[in-house]
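One-based numbering, in listed order, for ligands and for the atoms of each. Side chains included, hydrogens not; waters and symmetry mates left out as well; all remaining heavy atoms used.
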Amino acid sequence: MQKTELLGLSLEELKVVLAEKLESNQSYRAKQIYTWLYAKRATSFRQMTNLPKELLDKLVAKCSIGRLKIAHESTSVDGTKKFLFHLQDGLSIETVLIPSEMRNEQGELRRRTLCVSTQVGCPLDCKFCATGTLKLKRNLTTAEILLQIFEVERHTGETITNLVYMGMGEPMLNYENVVASLRIITDPEVNLLNKRRVTVSTSGLPEAIRRFAHEGLHVKLAISLHATTDDLRTQLMPINKRYPIADILSSVDEFYRETKIPITYEYILFEGLNDSLADAKRLSRIAKRVPSKVNVIPFHPIDFTHPTGIAATLKPTTEEAFDQFLATLKSLGVLVMVRTSSGKDIEAACGQLALAEAMGPGDDGVVSPTVPTLISIA
Ligand code: SAH
Ligand code: SF4
């Protein structure tokens, strides 16, 4: 008999499992199990010492607590760590831990940001993104999203202070599981993370953004904009044909009206494509619709995916153009941040998550497929 996986279940769902599978109507037991799973991070039922033996026996026989295996770990010169997880069905995902010693608003020095994946691959095929070249294999379960945090904390002994849904995949296309994971993560009783330190990044799916606005989660939203005209954005991000910029912006307006949480716009600078004065001016108008900041991101080349078409022509903007673009935005009153390229040397920077190890040797022939392959492009 297939055991029922408990990790990822909400308190209400645990109550149902208890009543239907374990014949226990004592709903406070569900609360105890919930606390063991998420606040105390139990990995086996035998650790749940305040449960009666009879219930424990039933739990052991009928239920399971999932784990994820870290199959490979690489560390960048800047301290960024990339973890390759093997999933039960043989697929793999990557998760990135970015340390920084910056002082945040609370005056703390140590920041540990974890970048989690939400899908194996991604169906949206953005031309600059390595993950997009994988296509979608499947959505991650709620447990698989949570376990990226739990396993990295267990493995490194670090406490995650900030969480970004910016790894592999489009969070809004795995809506239910992403929201379920956020409910647990932001539950004050679980005490995992302050919701203000959780950001969900999306390529901009208006219907999902509107729905997300009303979830009452109060986490931050980042929009991967990358272009200020529909013509260019559609070339870079094919999904823009279905959801043009104006539609995205009106859903963002609704998100802000509902949550009062400032928006982050992400903007990769590509040489000669989106780095002009006119682009900066259009971007500043977009950024001023509702309170927001712009994260300007250096383009991380993805040559290891052997790009073709427009993808093969993309280049990072020059240092001068980068600085000029920032200066123009600032002079127009936009709050601008530069997203650093943590982990670039280990292909852990934004958009580089594509299981490079699994992609086999490229033209340079140096990558050896040492881990089971998710895809076989070679
Ligand atoms: N699917 C979501 C979240 C994952 S992508 C989204 O698109 O927002 C996380 C971020 O990395 C996005 O802002 C994405 O645009 C950016 N990114 C993708 N490829 C990149 C690259 N090659 N260089 C720099 N940033 C990249
Ligand atoms: Fe998917 Fe985001 Fe990459 Fe686009 S940038 S292909 S939406 S992961």
- Query: Hey, which of Q119, R138, Q88 is the one that makes side-chain hydrogen bond (donor to acceptor under 3.5 Å, both in side chains) with E144?
  - Reply: R138
- Message: Taking the six-membered ring of F83 as reference, does the cationic atom of K81 (NZ for Lys, CZ for Arg) lie under 6.0 Å from its centre and within 45° of its axis?
- Response: no
- Do we see a donor-acceptor contact under 3.5 Å between the side chains of T141 and N177? no
- Just jot down the ligand 2 atoms closer than 4.0 angstrom to any heavy atom of C126, in number order. 4 (Fe), 5 (S), 6 (S), 7 (S)
- Query: Is the distance from atom 1 (Fe) of ligand 2 to some N, O or S atom of C122 under 2.8 Å?
  - Reply: yes
- Note on the structure: The option among M166, K127, E170 carrying the non-hydrogen atom nearest to atom 5 (S) of ligand 1 is M166
- Which residue from G169, S117, G167, G132 reaches closest to atom 2 (Fe) of ligand 2 through any of its heavy atoms? G169
- Task: May I ask you to list the atoms of ligand 1 that are less than 4.0 angstrom from any heavy atom of G167?
- Result: 4 (C)
- Which atoms of ligand 1 are found less than 4.0 Å from any heavy atom of I268? 17 (N), 20 (C), 24 (C), 25 (N), 26 (C)
- Would you give the length of the straight line joining atom CD1 of I302 to atom SG of C126, rounded to the nearest 0.5 angstrom? 10.0 Å
- Kindly identify the option in S201, P307, P316 whose heavy atom sits closest to atom 3 (C) of ligand 1. S201
- Item | Proximity of H300 to ligand 1 by residue part, where a heavy atom lies under 4.0 Å | both
- Honestly, for H226 the part within reach of ligand 1 (heavy atoms, under 4.0 Å) is side chain
- Task: State whether a side-chain donor-acceptor pair under 3.5 Å links E266 with S201.
- Result: yes
- Message: Suppose I only count heavy atoms of P298 and a 4.0 Å limit; which atoms of ligand 1 are within that range?
- Response: 24 (C)
- Between atom CG of L87 and atom CG of L140, what is the distance when rounded to the nearest 0.5 Å? 6.5 Å
- Under-4.0 Å heavy-atom contact with ligand 2, by part of S203 that carries it: side chain
- Message: Which residues pass the side-chain hydrogen bond (donor to acceptor under 3.5 Å, both in side chains) test with K127, not counting sequence neighbours?
- Response: D125
- Query: If we only count N/O pairs under 3.5 Å, is I302 in contact with ligand 1?
  - Reply: no
- Query: With a 6.0 Å cut-off on ring centres, are F128 and H226 close enough?
  - Reply: yes
- Query: Which of the numbered atoms in ligand 1 are below 4.0 angstrom from a heavy atom of G169?
  - Reply: 1 (N), 2 (C), 3 (C), 4 (C)
- Query: Which is it for I223 and ligand 1 at heavy atoms under 4.0 Å: side chain, backbone, both or neither?
  - Reply: neither
- Query: For N240 and D230, does a side-chain donor sit closer than 3.5 Å to a side-chain acceptor?
  - Reply: yes
